Amino acid sequence: MDPYAVKRRGLMYVLSSPSGAGKSTIARAILDRDAGITMSVSATTRPKRPGEKAGKDYQFIDLTEFNLMVNRQEFFEYAKVFDNYYGTPAAPVRAELEAGRDVLFDIDWQGTQQLAERAREDLVRVFILPPSMIELEHRLETRAQDSAEVVARRMAKAADEMTHYAEYDYIIINYDVEASVSEALAILKAERLRRDRQVGLGEFVKGLRQGQ
Ligand SMILES: Nc1nc2c(ncn2[C@@H]2O[C@H](COP(=O)(O)OP(=O)(O)OP(=O)(O)O)[C@@H](O)[C@H]2O)c(=O)[nH]1
Ligand SMILES: [Mg+2]
C-alpha cells in the first residue's frame with residue numbers, strides 16, 4: 001500500500017496579541033524552525049517603516065488600491081487597525097492550503113473573527129499575552145520604532161485587545177521567548193495530527209486491516 005496515502009489538509013495558524021507582547025518574534029521563530037509553514041503576507045495602507053521590505057513584510061498599497069481589492073473580493077479578511085487598513089489576500093493562502101501546506105497569520109482579533117466565520121475547521125487560533133503591563137510598556141519603548149505618542153496609544157489599546165483572549169483556542173503567556181516559541185511549535189505539531197486534518201485515514205486503516 002502507498003505509505004503516503006494519508007495526506008493532510010493545510011491549517012491556518014493565527015497569532016494575535018496586544019502590541020509588544022512578542023508576536024512577531026515568535027512568528028519569525030516558527031518560520032525559521034518549521035519548513036512546513038509559510039507566512040501570509042498582508043496588504044496594508046500603513047507607510048513602510050525603515051527596515052521593512054515590500055512584498056515580504058507587507059504589500060504596501062494606498063487606500064485606492066486597498067478599496068479596489070475589497071471590491072474585487074480579493075481579501076480573505078480585512079480590518080482597520082489603529083489608523084490603517086490591513087487585509088489578507090486570499091489567493092496565495094488558498095494555494096498553500098490546497099497544496100497541504102500550513103499558513104501563518106499575524107492578524108488582529110477582528111481578522112481572526114472573520115477567518116473563524118469562513119474557515120473554522122482549518123483554523124488554529126493562538127493568543128499571546130504579556131507577563132505584565134509593565135513588561136509590555138518596556139517592550140514597546142525599547143522597540144523604539146514608534147513615537148512616544150504611538151506607544152501611549154498602543155498601551156491604551158492593549159487592555160482592550162486583551163479582552164479578546166477568550167476567542168482563541170490557545171493562550172501563551174510570554175514570560176520567556178524561547179519557552180513561548182517551543183509552546184507555539186508544540187501546538188502546531190499537535191494540530192497537524194488531528195484526525196480530521198488527515199485525509200484518507202479510512203482507506204489507510206482499511207489497508208492495514210487487510211494486512212498491507
Ligand atoms: N485583520 C488583520 N490584521 C492585520 C493584518 N496584518 C497585520 N495585522 C495586525 O495589525 C496590527 C498592526 O501591525 P503593524 O502595523 O505591522 O504594527 P506592529 O508594530 O507589528 O504591531 P503589533 O504586531 O501589534 O506589535 C497587528 O496587530 C497585526 O497583527 C491583516 O492582514 N489583517
Ligand atoms: Mg507585529
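Ligands are counted one by one from 1 in listed order, and the atoms in each one are counted from 1 as well. Because the structure is predicted, anything quoted here is derived from the model rather than measured.
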Next item on the list: Please say which of D83, N84, T64 ends up in a side-chain contact (heavy atoms from CB on, under 4.5 Å) with T45.
Entry: N84
Margin query: At under 4.0 Å between heavy atoms, is it the side chain or the backbone of R49 that contacts ligand 1, or both, or neither?
Written below: side chain
Check: Who's the nearest protein heavy-atom neighbour of atom 23 (O) of ligand 1, and how far?
Finding: K23 NZ, 3.1 Å
Note to self: Using a 4.0 Å cut-off to any heavy atom of A79, which atoms of ligand 1 qualify?
What the structure shows: 1 (N)
Notebook entry, point to check: Does the gap between the ring centers of Y165 and F127 come in under 6.0 Å?
Noted result: no
Check: Can you count the protein N, O or S atoms that lie less than 2.8 Å from the Mg ion (ligand 2)?
Finding: 1
Notebook entry, point to check: Any chance the side chains of Y86 and E77 put a donor and an acceptor closer than 3.5 Å?
Noted result: no
Next item on the list: Give the atoms of ligand 1, by number and element, whose distance to some non-hydrogen atom of G87 is under 4.0 Å.
Entry: 30 (C), 31 (O)
Check: How close does the nearest protein non-hydrogen atom get to atom 22 (P) of ligand 1, and which residue and atom is it?
Finding: S19 OG, 3.5 Å
Next item on the list: Apply the side-chain contact (heavy atoms from CB on, under 4.5 Å) test between R9 and each candidate in R192, E121, R194; give the one that qualifies.
Entry: E121
Margin query: Students should be able to answer this: which protein heavy-atom is nearest to atom 3 (N) of ligand 1, and at what distance?
Written below: D108 N, 3.2 Å
Item checked: Proximity of V81 to ligand 1 by residue part, where a heavy atom lies under 4.0 Å -> side chain
Margin query: Assess the residue pair H138 and E135 against the criterion (side-chain hydrogen bond (donor to acceptor under 3.5 Å, both in side chains)); give the C-alpha distance rounded to whole Å, side-chain angles, the decisive distance to 0.1 Å, and a yes or no.
Written below: CA-CA 5 Å; H138 179 69; E135 183 67 20; 5.8 Å; no
Note to self: Please classify the Y58 to ligand 1 contact at 4.0 Å (heavy-atom distances, strictly less than): side chain, backbone, both or neither.
What the structure shows: side chain
Check: Under 4.0 Å between a Lys/Arg side-chain N and an Asp/Glu carboxylate O for E52 and R46?
Finding: yes
Next item on the list: Report yes if R154 has an N/O atom closer than 3.5 Å to an N/O atom of ligand 1; otherwise report no.
Entry: yes
Check: Quick one: which ligand 1 atoms are inside 4.0 Å of a heavy atom on G111?
Finding: 1 (N)
Margin query: Applying a heavy-atom cut-off of 4.0 Å, say which part of Q110 lies close to ligand 1: side chain, backbone, both or neither.
Written below: neither
Note to self: Please check whether Y86 reaches ligand 1 - meaning an N/O of the residue sits under 3.5 Å from an N/O of the ligand, judged on distance alone.
What the structure shows: yes
Item checked: Note: R33-E178 ion pair, threshold 4.0 Å (strictly below) -> yes
Next item on the list: Starting from the C-alpha separation in whole Å, work towards a yes-or-no answer on side-chain hydrogen bond (donor to acceptor under 3.5 Å, both in side chains) for S16 and Y168.
Entry: CA-CA 9 Å; S16 301; Y168 288 72; 2.7 Å; yes
Note to self: Between the side chains of R94 and E98, is the shortest nitrogen-to-carboxylate-oxygen separation below 4.0 Å, so that they form an ion pair?
What the structure shows: no
Note to self: Give me the residue, atom name and distance of the protein heavy atom closest to atom 32 (N) of ligand 1.
What the structure shows: E77 OE2, 2.7 Å
Margin query: Could you identify the single nearest non-hydrogen protein atom to atom 28 (C) of ligand 1 and state the distance to 0.1 Å?
Written below: D106 OD1, 3.4 Å
Check: Less than 3.5 Å between some nitrogen or oxygen of S42 and one of ligand 1, yes or no?
Finding: yes
